[in-house]
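Okay, so here's the structure we're looking at.
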There are 2 protein chains.
Amino acid sequence: MNKFQQPGIFSLLNFMNWNQKNISNASLKKLLHCVDEPHTSREDQELLEEQRDSNIKLSTEQEAVKNSITTKRKNVFYTGAAGTGKSVLLRSIIKTLKENYGRSNVGITATTGIAAINIGGQTLHSFAGLTPQTQYYEIEDIIENLSKGAKARWKKTEALVIDEVSMLNGNLFDKLNRIAQHFRCNEKPFGGLQLVLTGDFFQLPPIKNDIEKVKYCFEVDSWSESLDHTFQLTKVHRQREEEFVKMLNEFRYGHVSEKSSQIMSNLEKAPIYNNDGILVTELYAINKYVNNVNTAKLAELPYKEMVYEAEDWEPKFGGRLEALIRNCLAPKNLRLKRDAQVMLLKNTTSELVNGSKGVVVGWFSKITSKFYEDVPTEDSVSLLPVVKFINGQTKVIPPFEWSLENKYKKKVASRRQIPLILCWAVSIHKSQGHTLERVKINLDRVFETGQAYVALSRATSLNSLQVLNFSADKVFAEEKVINFYKSLTELA
Amino acid sequence: MNKFQQPGIFSLLNFMNWNQKNISNASLKKLLHCVDEPHTSREDQELLEEQRDSNIKLSTEQEAVKNSITTKRKNVFYTGAAGTGKSVLLRSIIKTLKENYGRSNVGITATTGIAAINIGGQTLHSFAGLTPQTQYYEIEDIIENLSKGAKARWKKTEALVIDEVSMLNGNLFDKLNRIAQHFRCNEKPFGGLQLVLTGDFFQLPPIKNDIEKVKYCFEVDSWSESLDHTFQLTKVHRQREEEFVKMLNEFRYGHVSEKSSQIMSNLEKAPIYNNDGILVTELYAINKYVNNVNTAKLAELPYKEMVYEAEDWEPKFGGRLEALIRNCLAPKNLRLKRDAQVMLLKNTTSELVNGSKGVVVGWFSKITSKFYEDVPTEDSVSLLPVVKFINGQTKVIPPFEWSLENKYKKKVASRRQIPLILCWAVSIHKSQGHTLERVKINLDRVFETGQAYVALSRATSLNSLQVLNFSADKVFAEEKVINFYKSLTELA
DNA sequence: GGGTTATT
DNA sequence: GGGTTTTT
């Protein structure tokens, strides 16, 4: 059943298939700068296709990693900077793992929806039977309440792949280890199943919560107890300029050479682009700036504005609405127009997830069941936005309910809102995992380790990159991460 | 009874009076750069003494504020930039309020210990019967559990003064209002007692907690319901250079003129100081830098090092030690030497509080009850640091216990450690409320509204100030605060 | 990032 | 500052 469905909004999506309706694809294409920015980066896609077609050989270092995993069946973590072919290698590994173990015995997971799509898998939470609340529960409670499906998966899985493992909180990694041990009735790390982990810890650190210190995965004991081998990929496969690659590698470690500083200061002026309708995505450290840009861009559009007000609810006494709203990206008032660049805020289908980009192409009336290219004067209360996503799918987007429950599973607050935000400009945090064809980065008020590196490595080329407010002190890495990578190098 | 007392450490302080012992005051003085940095700034002290002696007249605007409070008996908030004589005015107001109402019927409070000392009062929490946990409790629970003393104070108090009100969380302000209404059996704001509030909201914002959004006091309804008048002091009384004052006023609002930028970039080189032993205090945005400097400074001292390891405790199951440690400035290992510059971490007596500065002058042996100028080889386990504070007092500093209780008042974690930290370098946050004779500021990684302003306004003069990593984007103010002050100006 | 507040 | 994760 489609997860878009919410009480009161029945099957809108099932009887609509906008791909076959009379929306001109040609006219949409020019609005979709995202068309050139699939979740899978262009380079990765090309490489992937190439490989699928001609079965191109992996590099020696890639083969070594793959061999260790698929032949020697070791538990492996491998890492590497952007462009070293981590994804290509992972897809190749997954293919062989499925051949070895049978496709249903391999867990293909990633820590975010976007990353999961990239490898044709699911989120780690979805695989493991976790919920966002898991981090607050004791291991005994988690084990007791795990769904039947999740239990079955833990039992039969022979290999578990986790991509973007740098975003996984170390404490959660520990819990996963114990869950696996419990359901597999096996004291070995992760109950003896084969682990394949990959990611780059120089990106943004895992997300903090209110009850415990943030830990990287590599900081918990079960990490080193679980892994047999760790590899670093060094050979760069992507077609980025050598100069750019070199600079990014410096920045990854928090170093800024005199030459890089020079290059960055030359990027202050906007590049001249062809007038081909491909938009520039702007990146900022903080949402205040993001919102300013998006508000301005929306104002420029010549269409009618729809305002969706969130329906908030809390009980009369002891509600936690404030807490809910703080942890929910959906705004009180969402303003949309036709042609607005938008990003989905919720994982919905296996193809449309939190972070999927699209453009508003019109409106669907719940009353008349008709599609309108602009807000019709006769009906402006029952309209839902229709969004064309970069993967080609066009969908009506009904409201979604974010809710907060207390420990007795009683709902204590909720917000119902259309799960979209404007995305001409995006926070650097939200941009992680995306490749951007044309990008304008403002480093004002950068505050996190790896943040400048993540922003800059979104770009595919120095020719499609503008950088404002660069200074060397904005580029810094986590000391723990540097030390961890140092220890890897010493081992090798 | 002295609050320094802890189980197992009896009356050390009562039988020690180092002021009369054989420690050379002359030799201490040169170690105490803090000697020139009392909690009350030098200018304020001078002005205060002047005024006390000759009863100098308040300015017209100051008289207007005082008149509104002491004659018209209005509820007043007054504000103003650093140096506009808020403190001097407050002391004059307090004097008259005590004459009007009787000294025991006026609550003289401030949100921090340092600020409370300044006006001869107590902390707001101490007056009101609150604990640090109050923020997590419902109003009904607070009212029920209030101590008898606090209830009596709420009943009989006729005027309540709160200094540094910008640090007070709006939600707590609301709760205070309700507590006052309840115990005074009076529906009027704050149960009808007269309110005198002062502070500068352009300083650092109130401290966040895990359960609610930070609110400034002026954002809650009870603020405007309570206050009859609001005043802004504009005339600058302190003897700072006019150029410096003008610049700070710009920065307060987040503006940076071309000229100010020029001045700041000229402050990159260190000023040349007399070799008079007065040290430079270094300010940084983040503790990593603070710790680096302090570690280096400690290493330079030629004396023996004492390492105090915190005694941590948590029950076998379900402890919250990690949470405690996160909210506790006391380090796992505290390294000290004679001559180390230190800052006290706990409110202890009415004269020694969190933020009080001093220097380690030697060691007191719990076994021999003797004082040692350096760590003696025969006894290095039973030694407690002896600290000479800037107010002239010399004290033995025994360990303090930080603890965390669950809702049933059961202890769930604790850390025992000497309540001192090194303070050659200090975080900008911790420096708020201090005046510094000589200061070196590094603005790298400034992240908070008002942070650069607070750092720069610690200095007394451009000639005793060094500033590294200045850039215009580091100077910014909270938009809510700007709007609030705009509305004040429009009223006036 | 970083910080305040306490009594029986 | 800012961000991820869910289902029977």
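So that the names make sense, note that chain A is the first sequence line, chain B the second, and so on, each numbered from 1. We use all heavy atoms of the structure for the numbers below, so side chains are in, but hydrogens, waters and symmetry mates are not.
When distances are taken from the side chain of B/H125 to each of D/dT7, C/dT4, C/dT5, the shortest belongs to C/dT5. Taking every side-chain heavy atom of B/I286 into account, C/dG2 is the closest of D/dT6, C/dG2, D/dT5. Side-chain atoms of B/N347 lie closest to C/dT5 of the nucleotides D/dT4, D/dG3, C/dT5. Taking every side-chain heavy atom of B/S427 into account, C/dG2 is the closest of D/dT4, C/dT4, C/dG2. Side-chain proximity of A/L329 to D/dT6, D/dT4, C/dA6: nearest is D/dT4. Closest to the side chain of B/N287, from the set C/dA6, D/dT5, C/dG2, is C/dG2.
Between B/Y216 and B/P206, some side-chain heavy-atom pair lies under the 4.5 Å cut-off.
A/K346 comes within contact range of at least one nucleobase, with a heavy-atom separation under 4.0 Å. B/N169 comes within contact range of no nucleotide atom at all, as no heavy-atom separation falls under 4.0 Å. B/E448 comes within 4.0 angstrom of a base, heavy atoms only. Residue-level contact check: B/K208 touches the bases, meaning some heavy atom is under 4.0 Å from a base atom.
Between A/T112 and D/dT5, a side-chain N or O to OP1/OP2 separation shorter than 4.0 Å is absent. Within the structure, a side-chain polar atom (N or O) of A/T123 is placed less than 4.0 Å from OP1 or OP2 of D/dT6. Within the structure, every side-chain polar atom (N or O) of A/S147 is placed at least 4.0 Å from both OP1 and OP2 of D/dT6.
B/S471 meets the side-chain contact (heavy atoms from CB on, under 4.5 Å) test with B/D473, B/K474; sequence neighbours excluded. For A/K213, the salt bridge (Lys or Arg N to Asp or Glu O under 4.0 Å) test picks out no residue, with sequence neighbours left out.
For B/N347 (side chain) and B/V353 (main-chain N/O), no donor-acceptor pair under 3.5 Å exists by modelled atom type. The backbone N or O of B/K215 sits nowhere less than 3.5 Å from a side-chain atom of B/K480 that would complete a donor-acceptor pair.
Mapping A/V214 and B/Q135 onto DNA chain C by nearest heavy atom places A/V214 closer to the 5' end of the strand.
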